[in-house]
Amino acid sequence: MYQRTVTLEPVAPFSFDLTAGYHTYYQARYGSDSLEEGVYRRLLDLDGNLVLASVSSVGNVEEPRLEVRLQGQGLDDESVAKATTLVSWLLGAEQELRPFYDMVSGDETMSETTRRFHGLHLPHTASVFEALVLAILGQQISTHVARVVRTLLIETCGPHLDVDGVLYYAFPRPETLAAMPVEELRGMKLSWRKAEYIRGIALASLEELDGLESLRGLDDQEVVSEVTRLRGVGNWTAQWLLVRALGRPDALPLGDLALRRTVSALYFQGEPIDDAQVEEFCARWSPWRTYATVYMFAAMRNPMG
DNA sequence: ACCCAGGCATTGG
DNA sequence: CCAATGCATGGG
């Protein structure tokens, strides 16, 4: 087992605790991600080479600096470079929050939220495949149930590495899920339909050389129309894919029950609203609707108390 | 025992 | 073309 340490300098403002915590839903551990005692850990799957990244903050929100410790078997310069790029992506380190903060400065409700969550960057998934599977898994079920299913999937099917006596898991590989009988996926508390959808996504991502990763070259509209051709992927899932896997700043997950309730609670005095009203209202935040959505969710998950 | 949860595809009018 | 329905399972 080799070890290397590199540093990252995210774009300020950057709150390490808020951003890393978003990955784990502010718990100690969630599937492949953990955040314990100020250290964010994630097992990276670099084309089959498993490397544990342990990230901690050695700066502050306005002068952010991250120390990244990498541990694994094959740590040559090339894999260190890949790992560094991936960790930066996972934490959304390159995002510029200022334009969004400036845009909402006249909106007292949103400004209060951007002050409370100052420096929250939007974390990303490691792959398109991961974002799609997680989104499908979470369709129409409570976040609590999704947590159970997600943990089961990752700890049953994900590649793992033992570091100092602790097992760390990476997200399952497409080939693993593609080769798995649907009954076995069913055993992980997925419905038959979701099990089939996930199998289909796994097969699709193995299809060509880059599979689903080639979506990165398309614009938002093209991504949505391409990806919704997959069974189990509607607009909601496609929009969250734009947010989570592709880092697009102007996605809006219409159809999201929590989004309707959140916009309603913050801007319509709790009066029930439909998707058309959400879309019309959220137009004010274009081209930063992704940020607006995530900050509103942050506010609702973590109400002032 | 109900009913709902950060959707989607299918079916029936 | 729109409305209704089933889906798995843990909480309230």
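Every chain is numbered from 1, with letters handed out A, B, ... down the list of sequences.
- Under the 3.5 Å distance criterion, the side-chain polar atoms of A:T85 are matched with a main-chain donor or acceptor of A:A81.
- Residue contacts for A:L134: at a heavy-atom cut-off of 4.0 Å it reaches no nucleic acid atom on any strand shown.
- The A:V145 side chain lies nearest to C:dT9 when the options are C:dT9, B:dG6, B:dC8.
- Under a 3.5 Å cut-off, the side chain of A:W240 and the backbone N or O of A:L132 do not form any donor-acceptor pair.
- Within the 4.0 angstrom heavy-atom criterion, only backbone atoms of the sugar-phosphate kind lie near A:V233; the bases stay farther away.
- A:D162 meets the salt bridge (Lys or Arg N to Asp or Glu O under 4.0 Å) test with no other residue; sequence neighbours excluded.
- With both ends at atom C1', the span from C:dT9 to B:dA1 equals 16 Å, rounded to whole Å.
- Judged purely by atom type and a 3.5 angstrom limit, A:T5 has no side-chain atom pairing as donor or acceptor with the backbone of A:E67.
- Taking every side-chain heavy atom of A:T237 into account, B:dG7 is the closest of B:dG7, B:dA9, C:dG10.
- Of the P atoms belonging to B:dT11 and C:dA8, the separation is 15 Å, rounded to the nearest Å.
- The nearest whole Å value for the distance from the NZ atom in A:K194 to the C1' atom in B:dC8 is 9 Å.
- If you take CG of A:L137 and P of B:dG6, they are 14 Å apart, rounded to a whole angstrom.
- Rounded to an integer number of Å, the gap from A:E183 CD to C:dA8 P is 13 Å.
- Side chain of A:Y291 to backbone of A:P99: no donor-acceptor contact under 3.5 angstrom is found.
- For the pair A:D275 CG and C:dC2 P, the computed distance is 14 Å after rounding to whole Å.
- Residue contacts shown for A:Y197 are limited to sugar-phosphate atoms, with no base heavy atom under 4.0 Å away.
- The local environment of CZ in A:F268 is crowded, with over 12 non-hydrogen atoms from other residues, nucleotides or ligands closer than 6.0 Å.
- Contact annotation for A:R260: no contact, since no heavy-atom pair falls under 4.0 Å across all strands.
- The 5' end of DNA chain B is approached more closely, in terms of each residue's nearest nucleotide, by A:L259 than by the other of A:T228 and A:L259.
- Across all strands shown, A:S191 has heavy atoms under 4.0 Å from sugar-phosphate atoms exclusively, and none from any base.
- Residue-level contact check: A:W192 touches the backbone only, with heavy atoms under 4.0 Å from sugar-phosphate atoms and none from bases.
- Per the geometry, CD belonging to A:Q140 stands 15 Å off P belonging to C:dT5, to the nearest Å.
- A:R231 has a side-chain polar atom (N or O) that falls below the 4.0 Å cut-off from OP1 or OP2 of B:dT10.
- Distance CD1 (A:I136) to P (C:dC7): 19 Å, rounded to an integer number of Å.
- The two residues A:L206 and A:A178 have their closest heavy-atom pair at CD1-CB, 3.7 Å.
- For A:R261, counting side-chain heavy atoms from C-beta on, the closest listed nucleotide (C:dG10, C:dA8, B:dA5) is B:dA5.
- Across the protein-nucleic acid pair, A:M188 atom CE and C:dG10 atom C1' stand 19 Å apart, rounded to whole Å.
- Environment of CD in A:E222: crowded, with over 12 heavy atoms of neighbouring residues, nucleotides or ligands closer than 6.0 Å.
- Interface residues of residues 246-257 of chain A facing DNA chain B, ordered by number: A:G255, A:D256, A:L257; criterion, heavy-atom separation under 4.0 Å.
- Of the listed nucleotides (C:dT9, B:dG6, B:dT10), C:dT9 has the atom at the smallest distance from the side chain of A:K189.
- With A:H124 as reference, A:Q95 is the one residue of A:R244, A:E130, A:Q95 to meet the side chain to side chain donor-acceptor pair (under 3.5 Å) rule.
- Rounded to the nearest Å, the gap between the P atom of B:dC3 and that of C:dT5 is 13 Å.
- Taking atom NE2 of residue A:H144 and atom P of nucleotide C:dG12, one finds them 8 Å apart after rounding to whole Å.
- At a cut-off of 3.5 angstrom, counting only N and O atoms as typed in the model, there is no donor on one side facing an acceptor on the other between the side-chain of A:R147 and the base of C:dG10.
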